[in-house]
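Below, chains carry the letters A, B, ... as their sequence lines are ordered, and counting in each starts from 1.
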Amino acid sequence: DVKVTQSSRYLVKRTGEKVFLECVQDMDHENMFWYRQDPGLGLRLIYFSYDVKMKEKGDIPEGYSVSREKKERFSLILESASTNQTSMYLCASSSRSQGKAEQYFGPGTRLTVT
Amino acid sequence: GESVGLHLPTLSVQEGDNSIINCAYSNSASDYFIWYKQESGKGPQFIIDIRSNMDKRQGQRVTVLLNKTVKHLSLQIAATQPGDSAVYFCAESPPSGSARQLTFGSGTQLTVLP
């Protein structure tokens, strides 16, 4: 079974702090994604990566950056956390070789910025 | 039902009845569609997918119907069970040169009544 793990289930940070969210997948997938999920807005894509050291902006990249130094790990960075970044963050991965878009999700990190 | 970009929050059905969740997608270039189920406190879980060269696909107790003419997708769940209570998302995906991306609807909360 594909497994996507995220470093924390719950996180509380203060405004202005630098925040790191880590995601690891164990299926050798080329593609990895970071979403945020807010009530009534569904899942919105922040950034994605299709290979090591490669990254592309999604729909809402402002205030975020990412890092992919190893194939299995994709990090989301909030350079200076703000209260409007309080949200559920979901990481996902997918295989390019399958020819499909099916993404496998982690359990999510609920981040609260106070 | 739901629309990608619009929010129709809830659907209640009696246990044992069939459920139908609808979704209107927006991108006529999308050629791949997925339904996900998200239980409380968990990440989205793949249910079933369909390519644009098909109009119907069946899984275990679930059927997805695709009508490309009106850009409409539906998920039918047969003999709905209490464990089916969750939020259901449709997602669409156009072809991509890098990683295929998914655009998610805002979700429908399915509640199964005893």
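When the side chains of ILVMFWY residues are joined at heavy-atom separations under 4.5 Å, either directly or via intervening members, Leu41(A) and Ile46(A) end up in two distinct hydrophobic clusters. The cluster map of Ile, Leu, Val, Met, Phe, Trp and Tyr, joined by side-chain heavy atoms under 4.5 Å apart, puts Leu11(A) and Phe74(A) in the same cluster. In this structure, Leu76(A) is not a member of the same hydrophobic cluster as Tyr35(A), with clusters built from ILVMFWY side-chain heavy atoms closer than 4.5 Å. In terms of hydrophobic clustering, with Ile, Leu, Val, Met, Phe, Trp and Tyr side chains grouped at heavy-atom distances under 4.5 Å, Tyr64(A) and Leu45(A) are assigned to different clusters.
Within the 4.5 Å cutoff, the side chain of Arg100(B) has no heavy atoms near those of the Tyr50(A) side chain.
Going from atom CG of Leu90(A) over to atom CZ of Phe104(B) covers 9.0 Å, rounded to the nearest 0.5 Å. The CD atom of Gln101(B) sits 8.5 Å away from the CD atom of Gln103(A) when rounded to the nearest 0.5 Å.
Interface residue Leu43(A): backbone and side-chain heavy atoms are both found under 4.5 Å from chain B. Within the 4.5 angstrom heavy-atom criterion, no atom of Gln45(B) approaches chain A. With a 4.5 Å cut-off on non-hydrogen atoms, Gln6(A) does not touch chain B at all. Residue contact with chain A, scored on non-hydrogen atoms closer than 4.5 Å, involves the backbone and the side chain of Leu102(B) alike. Only the side chain of Arg9(A) comes within less than 4.5 Å of a heavy atom of chain B; its backbone N, CA, C and O stay farther away.
Taking the six-membered ring for Trp and the full ring otherwise, the centers of Phe105(A) and Tyr36(B) sit less than 6.0 Å from each other.
Between chain A and the options Gly41(B), Gly43(B), Ser93(B), the largest number of non-hydrogen pairs under 4.5 Å is found for Gly43(B).
With a 6.0 Å radius and a threshold of 12 heavy atoms from other residues, nucleotides or ligands, Lys70(A) has its NZ atom at or below the threshold. More than 12 heavy atoms of other residues, nucleotides or ligands lie within 6.0 Å of CZ in Arg44(A), so this atom counts as buried by the packing criterion.
The side chain to side chain contact (heavy atoms under 4.5 Å, CB included) check on Ile77(A) picks up Lys18(A), Phe20(A), Ser65(A), Ser67(A), Glu79(A), with sequence neighbours excluded.
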